[in-house]
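Comments concern the structure below.
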Amino acid sequence: MNKYSKGIFITGTDTGVGKTIVSAVIIRALINKGIKVGAMKPMESGCAKSENGKTLIPSDGLFLKEMSQMDEPVNIVTPLCFELPLAPMIASSLEGIPVDLDLITNSYEAASGRYDFMVVEGVGGLLVPIKNGYFVTDLIKRLNLPVIVVARPSLGTINHTLLTVNHALREGIAVKGVIINFHKPAENTIAERTNPDALRKLCPVPVLGVLPYLKDINIANIDMIASDFSGIADILEV
């Protein structure tokens with residue numbers, strides 16, 4: 001049984017599929033239902049240096065902190081930052097920054113104690129290596145969270161989505177469903193038009209919705225999309 005507050009882990013079929021936007025939509029949908037929500041991106045790669053060059057700035061972590069209106073410092077939201085845009089295991093080795101799993105767990109525990117529900121965004125997909133022999137799936141199990149899988153709508157997504165969902169299920173991870181996200185402008189291809197229905201037929205978990213492409217990313221536009229996901233609280237059993 002999870003000793004922390006309830007939560008969900010947002011993973012993807014790949015990197016760059018829009019996990020941060022989907023996480024923000026879920027956060028705002030829950031907050032707009034009156035639920036106190038905390039956010040976390042335990043580790044972030046590709047962080048820019050601060051003006052003094054002494055610290056790294058996790059842009060996704062800051063965005064999730066803004067969306068959830070958390071009071072905690074960003075190093076609780078994102079305790080582990082890397083400058084290189086690489087898998088944590090590789091960035092850790094090249095930058096000489098150890099992956100401290102206890103730091104992540106302690107940060108999660110500190111945040112989750114203050115919120116009714118936690119939204120945790122992962123890095124890349126399920127088999128991104130965090131440490132040698134330790135993958136995103138292992139972090140999900142460590143936090144004891146179910147997942148939502150973010151998928152792209154374009155050609156190839158059926159294979160990637162089914163591989164991701166089925167691997168999670170084989171690992172004993174509960175999958176609440178799939179959200180298809182237009183992470184770039186729609187091209188109106190036949191694949192984009194037919195993939196959502198194909199996944200509804202083939203996927204062993206529900207397709208929870210399709211997010212349109214957001215050109216202007218701000219809290220007002222996130223809230224507008226979140227209004228279409230007002231039922232997510234019931235799905236997540238909050």
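Basis for what follows: all heavy atoms, side chains included, without hydrogens, waters or symmetry-related copies.
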Indicate, with yes or no, if Ile217 and Ile225 share a hydrophobic cluster defined by side-chain heavy-atom contacts under 4.5 Å among Ile, Leu, Val, Met, Phe, Trp and Tyr. yes

Scanning both residues in full, the closest heavy-atom pair of Glu121 with Pro42 reads O-CD, 3.3 Å

Ile57 side chain reached by Cys47 side chain, heavy atoms, under 4.5 Å: no

With side chain to side chain contact (heavy atoms under 4.5 Å, CB included) as the test, would you mind laying out the steps for Val37 and Asp116 before giving the verdict? CA-CA 6 Å; Val37 182; Asp116 301 323; over 6 Å; no

Test item: side-chain donor near acceptor, Thr13 and Thr161, under 3.5 Å: no

Taking Glu192 for the side chain and Ala186 for the main chain, is one N or O donor matched with an acceptor at less than 3.5 Å? no

Any chain of hydrophobic side-chain contacts (each under 4.5 Å) joining Ile235 to Phe229? yes

How far apart are the C-alpha atoms of Phe9 and Ile148, what are their side-chain angles, what is the distance that settles it, and do they pass the side chain to side chain contact (heavy atoms under 4.5 Å, CB included) test? CA-CA 6 Å; Phe9 193 101; Ile148 284 178; over 6 Å; no

Looking only at heavy atoms, which two atoms of Ala168 and Leu126 are closest? And how far apart? CB-CD1, 3.7 Å

Using atom types as modelled and distance alone, determine if a side-chain donor or acceptor of Glu83 lies under 3.5 Å from a backbone N or O of Ser45. no

Do you reckon Leu208 sits in the same ILVMFWY cluster as Val17, going by side-chain contacts under 4.5 Å, direct or chained? yes

Run the side chain to side chain donor-acceptor pair (under 3.5 Å) test against Lys19 and tell me which residues pass, sequence neighbours left out. none

Got more than 12 heavy atoms from elsewhere within 6.0 Å of NZ, Lys49? no

Atom pair CZ/CD1 of Phe63 and Ile21 - distance to nearest 0.5 Å: 4.5 Å

Do Phe82 and Val99 have side chains that approach each other closer than 4.5 Å (heavy atoms only, starting at C-beta)? yes

With rounding to the nearest 0.5 Å, note down the distance linking CE in Met40 to CE in Met70. 8.5 Å

When rounded to the nearest 0.5 Å, the distance separating CD of Glu171 from CG of Asp138 is 7.0 Å

If you count every heavy atom of other residues, nucleotides or ligands that lies below 6.0 Å from Asn159 atom CG, does the total exceed 12? yes

Taking side chain to side chain donor-acceptor pair (under 3.5 Å) as the test, write out the residues that go with Asp14, two or more places apart. none

Taking the side chain from Asp60 and the backbone from Thr20, do they hold a donor-acceptor pair closer than 3.5 Å? no

Smallest heavy-atom separation, Ile190 atom then Thr194 atom, equals O-OG1, 2.8 Å

Does any N or O in the side chain of Ser68 come within less than 3.5 Å of the main-chain N or O of Gly38, such that one atom is a donor and the other an acceptor? no

CG of Leu80 to CD1 of Ile97: how many Å apart, nearest 0.5 Å? 7.0 Å

Quick check: do Arg193 and Asn188 have side-chain heavy atoms less than 4.5 Å from each other? yes

Would you say Glu95's side chain and Leu84's backbone share a donor-acceptor pair under 3.5 angstrom? yes

Going by an N to O cut-off under 4.0 Å, is there a salt bridge joining Glu237 and Lys176? yes

Please check if the side chain of Lys65 supplies one atom and the backbone of Glu72 the other of a donor-acceptor pair under 3.5 Å. yes

Kindly indicate, with the supporting measurements, whether the criterion side chain to side chain contact (heavy atoms under 4.5 Å, CB included) is fulfilled by Ile8 and Val120. CA-CA 6 Å; Ile8 190 72; Val120 181; over 6 Å; no

Ile31 side, atom CD1; Ile222 side, atom CD1 - distance, nearest 0.5 Å: 12.0 Å

Could you see if Leu86 belongs to whatever hydrophobic cluster contains Leu56? Use Ile, Leu, Val, Met, Phe, Trp, Tyr and a side-chain cutoff under 4.5 Å. no

Ser230 and Lys33 have their tightest heavy-atom pair at O-CE, 3.6 Å

Using the rule given for side chain to side chain contact (heavy atoms under 4.5 Å, CB included), can you reason through Tyr108 versus Leu143, listing the C-alpha separation, both sets of side-chain angles and the distance that settles it, and then say yes or no? CA-CA 8 Å; Tyr108 181 79; Leu143 300 179; 3.9 Å; yes

Donor-acceptor pair, distance only, cut-off 3.5 Å: does the side chain of Asn181 make one with the backbone of Val150? no

Between Ile140 and Met89, is there shared hydrophobic-cluster membership here, with clusters defined by ILVMFWY side-chain heavy atoms closer than 4.5 Å? no

Taking every heavy atom of Pro204 against every heavy atom of Leu162, the minimum-distance pair comes out as CD-CD2, 4.3 Å

Please say whether the positively charged group of Lys6, taken as NZ for Lys or CZ for Arg, lies over the ring of Phe117, i.e. under 6.0 angstrom from the six-membered ring centre and within 45 degrees of the axis. no

Indicate yes or no for a side-chain donor-acceptor contact from Asn32 to the backbone of Arg28 under 3.5 Å, with no hydrogens or angles considered. yes

Do the non-hydrogen side-chain atoms of Ile10 and Ile179 ever get within less than 4.5 Å of each other? no

Can you measure from SG (Cys81) to CG (Asn75) and round to the nearest 0.5 angstrom? 8.5 Å

Side chains of Phe182 and Val210 in contact at under 4.5 Å (non-hydrogen atoms): yes

Does the side chain of Leu169 come within less than 4.5 Å of Val175's, by heavy atoms? yes

Considering all heavy atoms, the nearest Gly177-Val205 contact: CA-CG2, 3.9 Å

Kindly check if the number of other-residue, nucleotide or ligand heavy atoms within 6.0 Å of CG (Leu163) is above 12? yes

Give a yes or no on whether the backbone of Ser154 and the side-chain of Asn195 come within a donor-acceptor separation of less than 3.5 Å. yes

Ile104 and side chain to side chain contact (heavy atoms under 4.5 Å, CB included): which partner among Thr78, Ile130, Leu139? Leu139

Mind checking whether Pro146 and Ile173 have side chains closer than 4.5 Å, heavy atoms only? no

More than 12 heavy atoms from other groups under 6.0 Å of NZ on Lys184: no

Looking at side-chain heavy atoms only, is the closest gap between Ser23 and Leu64 below 4.5 Å? yes

